[in-house]
Amino acid sequence: MSGATMDFDLPEDLQLFQTLMRRFVDRELIPLEPRGELDAATHDMLREKAKAAGLWMLDVPVELGGQGLGAVGMSIFWEELSRTVAISPRDTRVFRSLVGPILLGLKREQKERFLMPVLRGDWTPCFAITEADAGSDPTSIRTVAVRDGDHYVINGVKRFITDARRADVVQLIAYTDKSKGLRGLSCFLVEMRTPGVSVTADYDTMMGDRPCEVTFDNVRIPATNLVGSEGDGMALAQQWITEGRILRHGARSLGVAERCLELGISYSRQRQTFGAPLAARQAIQFMIADTYAELQQARLLVRDAALDLERGRDVRLKSWIAKSQATEMGFRAVDRCMQMHGGMGLTTEMPIERMWREQRSFIITEGAAEVMRASISKKVYDLYE
């Protein structure tokens, strides 16, 4: 295992998990990269191999049949998985859909109805908060859920919803009382087969992902589909988003940078220019040095935030820092890697161009870098009052 990865002092069990994940990525996924998008049969084959290797339902508690990995362990999962572009970084089907805090925190009756089908592999969940005029500003959400006896009636449109086309249940954030601002947002579980729910658009993106627009037209659901209480929606959404900023964005950026170091060092040692390898050129050496140093810094930020998340602490500030710093670091790393490879870095024969496109997207999704900095600034001003 590379020196960069081993620099962080992990407990022995997590070191073993890291080794297992790296072996799986190196042996099973990276060799598939030249094939492009994988077919269903290949996904099924990989899923069986992942299950046999024990890489299955990783964030699910042991008592529910999962591996019970905490946030630090999941940061390792995302880091190692993101060393490859064989599968989309937003596609977790190979390892069974990662469940997340909302479904895992449901009441007992709701777990039986909504969580267990996900754990059995019968259902796929998705999460819907973004709207056309409400990306980083949830106060602009227009989707509403109006109480009607023992039911709620939902109307609105959500946009850029990952997995919506194949999802069975959506974790939906909607207003139950607009006059209360963010405290009027609530969270609902809505089956996609419910009358009035429809996927009304697909968005082709530069990453290859196809997020969707989902329309809710007088959708009537039982009041028992409310998660928690009315007004808990923003807190529940923040749990999902904060975890994602640290893990799906921050930690995956570490894996991208790690792979870029591997590719850049290997290529610069082999490629000869003007009678000497690229590795002898100071311009290349500086790229490698900067990438390695920035990766070390970002890894400490991500692991520290993940550890506090695991301990149940308020990690919003750390999540903003980890998300903004790590995603930008990852993009610098892959941009340098592309530059080192010259024309070859632009070809689809190598994974670099896809890594470049995907990593650029993570600087925007689940909190743009500018929004993260604005949030950090406000918090820092409060700290220094």
Side-chain angles (χ1 to χ4, degrees), residues 90 100-103 105-106 125-147 152-164 167 169-190 197 200-201 203 211-217 219 221 225-250 305 309 314-324 327 361-379 381-382:
R90 294 174 174 86
I102 295 177
L103 292 179
L106 294 176
C126 67
F127 176 76
I129 185 171
T130 302
E131 299 184 6
D133 297 317
S136 298
D137 177 15
T139 61
S140 297
I141 286 175
R142 295 181 181 179
T143 301
V144 296
V146 178
R147 185 71 183 253
Y152 283 93
V153 179
I154 301 172
N155 284 281
V157 180
K158 296 293 183 180
R159 182 176 287 185
F160 298 131
I161 309 306
T162 301
D163 285 338
V169 60
V170 54
Q171 302 157 90
L172 175 73
I173 305 299
Y175 267 112
T176 47
D177 189 342
K178 186 76 172 178
S179 68
K180 294 181 179 179
L182 294 179
R183 294 184 179 181
L185 287 168
S186 300
C187 180
F188 299 90
L189 298 171
V190 183
V197 180
T200 44
Y203 297 96
C212 303
E213 176 183 272
V214 183
T215 298
F216 300 84
D217 184 10
V219 174
I221 62 170
N225 286 27
L226 174 69
V227 181
S229 302
E230 286 194 4
D232 290 345
M234 195 60 205
L236 291 165
Q238 281 291 351
Q239 290 179 22
W240 196 92
I241 294 169
T242 296
E243 180 180 286
R245 286 169 177 165
I246 297 170
L247 305 180
R248 292 185 296 276
H249 288 68
L309 178 64
D314 183 351
V315 291
R316 285 174 297 173
L317 176 58
K318 288 187 176 181
S319 75
W320 303 332
I321 296 171
K323 199 271 183 185
S324 60
T327 53
S361 76
F362 281 90
I363 300 176
I364 295 174
T365 56
E366 290 188 35
E370 294 78 10
V371 175
M372 296 297 93
R373 284 179 169 81
S375 299
I376 293 168
S377 173
K378 185 177 184 302
K379 184 65 175 179
Y381 270 104
D382 291 341

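Because only heavy atoms are used, hydrogens play no part in the values below, and waters and symmetry mates are left out as well, while side chains stay in.
Checked by atom type and distance alone, the side chain of Lys158 pairs as donor or acceptor with a backbone atom of Ile129 at under 3.5 Å. A donor-acceptor pair under 3.5 Å is absent between the side-chain atoms of Glu213 and the main chain of Phe160, judged by distance alone. Judged by distance alone, the side chain of Ser319 and the main-chain N or O of Arg316 form a donor-acceptor pair under 3.5 Å. In terms of modelled atom types and a separation under 3.5 Å, the side chain of Thr176 and the main chain of Gly184 share a donor-acceptor contact. At distances below 3.5 Å, at least one donor-acceptor pair connects side-chain atoms of Ser324 with backbone N or O atoms of Trp320.
When every heavy atom of Ser140 is checked against every heavy atom of Lys178, the shortest pair comes out as C-NZ, 4.2 Å. Of all non-hydrogen atoms in Leu182 and Pro138, the two that sit nearest each other are CD2-CG, 3.7 Å. Residues Ser136 and Ala368 approach most closely at OG-N, 4.3 Å, considering heavy atoms. Summarising the geometry of Pro125 relative to Gln171, their closest heavy-atom pair is CB-NE2, 4.0 Å, with the distance given to 0.1 Å. Heavy atoms only, all atoms of each residue included: Thr365 and His249 are closest at OG1-NE2, 2.9 Å. Counting all heavy atoms, side chain and backbone alike, Gly100 lies closest to Glu243 at CA-OE2, 4.0 Å.
Residues passing the ring pair (Phe, Tyr, Trp, His ring centres under 6.0 Å) test with Phe127, sequence neighbours excluded: Trp240.
Atom CZ of Arg183 has 12 or fewer neighbouring heavy atoms from other residues, nucleotides or ligands inside a 6.0 Å radius.
Under the 4.0 Å criterion applied to side-chain N and carboxylate O atoms, Arg142 and Glu131 are not assigned as salt-bridge partners.
Separating the NZ atom in Lys378 from the CG atom in Leu317 is a distance of 12.0 Å, to the nearest 0.5 Å. Taking NZ of Lys379 as the reference point, atom CG of Asp382 lies at 6.5 Å (rounded to 0.5 Å). Atom CG of residue Asp314 and atom CG of residue Leu309 lie 10.5 Å apart, to the nearest 0.5 angstrom. Interatomic distance, Ile363 CD1 to Lys323 NZ, rounded to the nearest 0.5 Å: 7.5 Å. The distance from the CG atom of Leu172 to the CD1 atom of Ile154 is 5.0 Å, given to the nearest 0.5 Å.
The side chain to side chain contact (heavy atoms under 4.5 Å, CB included) with Gln239 is formed by just one residue from the set Leu236, Thr242, Ile241; it is Leu236.
With Phe362 as the aromatic partner, Arg90 meets the cation-pi criteria of under 6.0 angstrom to the ring centre and within 45 degrees of the ring axis.
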Could you list the donor-acceptor pairs under 3.5 angstrom formed by side chains in residues 225-234, with sequence neighbours left out?
unit_1 : atom_1 : unit_2 : atom_2 : d
Asn225 : OD1    : Arg113 : NH1    : 2.7
Asn225 : ND2    : Leu189 : O      : 2.8
Glu230 : OE2    : Tyr152 : OH     : 2.5
Asp232 : OD2    : Ser229 : N      : 2.7

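Between Asn155 and Phe216, the closest side-chain pair of non-hydrogen atoms is not below 4.5 Å. Inter-residue side-chain proximity for Ile161 and Pro211 is flagged as unmet; no heavy-atom pair is nearer than 4.5 Å. Using a 4.5 Å heavy-atom threshold, the side chains of Leu185 and Ile141 count as touching.
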